[in-house]
Amino acid sequence: MAFEIYNSLGKTKQTFEPLEPGKVRMYNCGPTVYGRAHIGNLRSFLFADLLRRWLEHLGYEVHQVMNITDVGHLVADEEEGEDKIEAQAKREGVDPYKIAREHEAQFHADLEALGVRKAWRYPRATDHVGEMLEMIDGLIEKGFAYQVGGNVYFDVSRFDRYGRLSGNRVEDLDAGARIEVNEEKRNPADFALWKEDAAHLMKWESRFGPDGFPGWHIECSAMARKHLGDRIDIHTGGEDNIFPHHECEIAQSECFTGAPFANYWMHAKFLQVDGGKMSKSLGNVYTVSDVVDRGYEPRVLRYSLLRGHYRQPLNFTWAVMDDSKKAIENLDRMFETLTRTAEGDEGAAAADAGAELVAAARAEFEAAMNDDLNVPRALAAVFTLRTQVNEGKLGATAAADGLAFLREVDDVLGVIRTEKIAGDDDAEIDALIAARKAARESKDWAESDRIRDELDARGILVEDGASGTTWRRR
Ligand code: AMP
Ligand code: ZN
């Protein structure tokens, strides 16, 4: 079964064919580390993780590179204006490197909390200025870029495929850019590769002058080339990266190397919150901490951000989080039921009953994921099987296979509790539950609270219902 990818370059679904059999070279545009990643950013990073997990599921060795932008990304993605990191450093009155390193560490902690697999490499822009200058030199030599004083610009009129990714036409871009004329540029739509600015705090000496810093776009071209080579298989980002960022990356990389840059471009649609844009003024720019503070496990956020198709707009609300929580708890329970059935503790069906149901679910799940990572369709297959499990249609052998299938699903989605439910300490926990019941009956609230805390520390969820107390592992 072939993996079909919707390629933003050409806007069609295409069968994935790697440059080298068995191996995938993938570059993901990473965070600009001036602030903590919000759930919108996280949607894009989780999409990259999903893609990487699916490629690994298909048997590929994935060389995944996600960059850390720690200089050169200007406010509002514009050509002129303040550097996002420096602007934050000034607001806080601290060194920009401090801002960048702290948020980079936070970024890694957030990804870990969300169960994101570590990328092969996380290169930082500031560690690759030499590689950027090498590309800039080459582009000038080949006539694609030009120097004016301490600045260097890419000449968009020299690359006739400029605009192919985004659908923009150079004439229209020129007309738009004329509003704020930069006299130095040959064409209004030209973009900066290197900028001279004595006031910039993060700056490097080069043959163009003593105080320069790189443009945001050249950073990704240089880091992709350094770590993955002149040609790569897949390049991802959020939809706002299509223009100008990725359009400019293609121009720089292809003019420098003379070879096609990335074969497949994939872009995640923007996450919305409460049906609109996230904004500081609306107070809805949420982070992992906001979610945890409201009592949700990070995996609930992971599920909420992955459960839609990456090319569909996705709306975040707290009601969606509640639905997601229920959904993954249902998957946890499905795992538990399958475990008991496989061990012969539950279910009356003949051992081999329901084998075809598991096979059908697996086939549908794989087909859905191969169809441009269609997660909603893939999840529907899992929940159909869940209903069949609850109806007792699976025997022990089929349940064992169902369990294997659920592990495969989790290898890709990373949201289900798949650790063994029956622990060695079951008897101890039963005893604690009984002791808690006795304490409550004798109104010894301090003791019952103490036991509850101990159970909580062991990761046990206690549920007091009408017919008594039940417990399960978190
Ligand atoms: P930045 O840290 O601004 O460089 O953004 C990091 C990544 O997050 C980029 O790939 C953006 O395209 C992506 N991104 C930003 N906002 C959103 C959003 N609301 N939904 C999805 N992705 C986003
Ligand atoms: Zn980038």
Side-chain angles (χ1 to χ4, degrees), residues 8 26-51 64-78 83-85 87-88 99-100 103-104 106-108 110-111 114 116 119 122-125 128 132 165-166 191 214-228 232 234-253 261-262 265-280 282 284-287 301 304-306 308-316:
S8 307
M26 171 159 87
Y27 187 91
N28 313 122
C29 278
T32 305
V33 282
Y34 68 105
R36 188 162 181 184
H38 56 62
I39 54 176
N41 303 132
L42 296 173
R43 178 181 200 197
S44 289
F45 304 143
L46 283 169
F47 153 66
D49 183 54
L50 179 75
L51 173 59
Q64 181 191 13
V65 174
M66 181 178 277
N67 70 289
I68 305 288
T69 301
D70 56 357
V71 67
H73 192 173
L74 305 187
V75 179
D77 296 0
E78 295 291 338
D83 187 310
K84 289 190 184 197
I85 294 185
Q88 187 62 27
I99 295 285
H103 287 297
E104 181 183 323
Q106 182 68 65
F107 163 74
H108 287 300
D110 285 345
L111 291 201
L114 289 172
V116 171
Y122 290 101
R124 285 180 189 144
H128 294 76
M132 297 171 203
L165 177 71
S166 59
F191 57 91
W216 173 38
H217 318 311
I218 196 72
E219 297 178 357
C220 284
S221 283
M223 288 186 276
R225 179 168 172 265
K226 165 82 188 284
H227 296 279
L228 296 168
I232 66 175
I234 305 177
H235 197 313
T236 74
E239 61 175 333
D240 60 326
N241 289 151
I242 294 174
F243 189 86
H245 190 49
H246 291 165
E247 192 74 68
C248 296
E249 275 187 51
I250 294 175
Q252 298 159 157
S253 293
F261 177 35
W265 288 85
M266 298 176 79
H267 295 97
K269 271 259 165 11
F270 258 35
L271 178 77
Q272 297 200 316
V273 175
D274 297 328
K277 216 173 135 68
M278 259 181 288
S279 83
K280 288 221 167 85
L282 293 172
N284 63 4
V285 185
Y286 301 124
T287 67
L301 178 62
S304 294
L305 296 177
L306 283 180
H309 190 276
Y310 77 92
R311 275 193 299 115
Q312 295 293 325
L314 185 69
N315 189 26
F316 178 91

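Numbers here are sequence positions counted from 1. Atoms within a ligand are numbered from 1 in the order they appear, just like the ligands themselves.
- Leu50 has its side chain out of reach of Tyr310: every pair of non-hydrogen atoms, C-beta onward, lies at least 4.5 Å apart.
- Remark: ligand 1 and Tyr34 share no N or O pair separated by less than 3.5 Å (distance only, no angle test).
- With respect to atom 14 (N) of ligand 1, the closest heavy atom belonging to the protein is Asn41 ND2, 3.6 Å.
- Using a 4.0 Å cutoff on heavy atoms, Lys277 does not count as a contact of ligand 1.
- The shortest N or O to N or O distance between Trp216 and ligand 1 is not under 3.5 Å.
- Annotation for ligand 1: atoms under 4.0 Å from non-hydrogen atoms of Gly30 are 4 (O), 6 (C).
- The nearest heavy-atom contact from the protein to atom 22 (N) of ligand 1 is Ser44 OG, 2.8 Å.
- Within the listing of ligand 1, atoms 1 (P), 2 (O), 4 (O) sit less than 4.0 angstrom from a heavy atom of Thr32.
- The closest side-chain heavy-atom distance from His235 to Phe261 is below 4.5 Å.
- Looking at heavy atoms from C-beta onward, Phe45 lies in side-chain contact with Pro31 at the 4.5 angstrom threshold.
- The minimum heavy-atom distance linking Ser221 with Ser253 is given by the pair OG-OG, 2.9 Å.
- Within the structure, ligand 1 lacks Ala268 among the residues with a heavy atom less than 4.0 angstrom away.
- Between the side chains of His128 and His227, at least one donor N or O lies within less than 3.5 Å of an accepting N or O.
- Those atoms of ligand 1 with a heavy atom of Met278 less than 4.0 angstrom away are 19 (N).
- Residues Tyr27 and Met223 have side chains in contact (heavy-atom distance under 4.5 Å, counting atoms from C-beta outward).
- Counting all heavy atoms, side chain and backbone alike, Ile85 lies closest to Thr69 at CD1-O, 3.6 Å.
- Nearest approach of Ala125 to Val71, heavy atoms of both residues: CB-CG1, 4.2 Å.
- In summary, the atoms of ligand 1 found under 4.0 Å from a heavy atom of Leu271, numbered by their order in the structure, are 18 (C), 19 (N), 20 (N), 21 (C).
- In this structure, Gly35 does not count as a contact residue of ligand 1, since none of its heavy atoms falls inside 4.0 Å of the ligand.
- Judged by distance alone, the side chains of Gln88 and His103 never bring a donor and an acceptor atom under 3.5 Å apart.
- Under a 4.0 angstrom heavy-atom cut-off, Gln272 registers as lying outside contact with ligand 1.
- Excluding waters, the set of protein N/O/S atoms under 2.8 Å from the Zn ion (ligand 2) reads Cys29 SG, Cys220 SG, His245 NE2.
- Each of the following atoms of ligand 1 lies closer than 4.0 Å to a heavy atom of Asp240: 11 (C), 12 (O).
- Contact of the Met266 side chain with the Phe47 side chain is registered, since non-hydrogen atoms from C-beta on lie closer than 4.5 Å.
- For atom 16 (N) of ligand 1, the closest non-hydrogen atom on the protein side is Phe270 CZ, 3.4 Å.
- The shortest N or O to N or O distance between Asn241 and ligand 1 is under 3.5 Å.
- Note: Ile39 CD1 to Asp110 CG = 12.0 Å, rounded to the nearest 0.5 Å.
- Those atoms of ligand 1 that come under 4.0 Å of a heavy atom in His38, given as number and element, are 16 (N).
- Atoms of ligand 1 found under 4.0 Å from any heavy atom of His73 (numbered from 1 in listed order, with element): 4 (O).
- Taking the six-membered ring for Trp and the full ring otherwise, the centers of His108 and Tyr122 sit less than 6.0 Å from each other.
- Counting heavy atoms from C-beta outward, Leu42 and Leu111 have side chains that approach closer than 4.5 Å.
- Put simply, the side chain of Asp83 does not reach to within 4.5 Å of the side chain of Tyr34, judged on heavy atoms.
- For atom 23 (C) of ligand 1, the candidate residues are Gly237, Gly238, Gly40; the nearest heavy-atom contact is made by Gly40.
- For the pair Thr69 and ligand 1, no heavy-atom separation below 4.0 Å is found.
- Ring planes of His217 and His245: tilted class, angle from 30 to 60°.
- Close contacts between ligand 1 and Pro31 involve ligand atoms 2 (O) [criterion: under 4.0 Å to a heavy atom].
- Residue contacts with ligand 1: Phe45 is included, with a non-hydrogen atom under 4.0 Å away.
- Residue Asn41 holds its CG atom at 12.0 Å from SG of Cys29, rounded to the nearest 0.5 Å.
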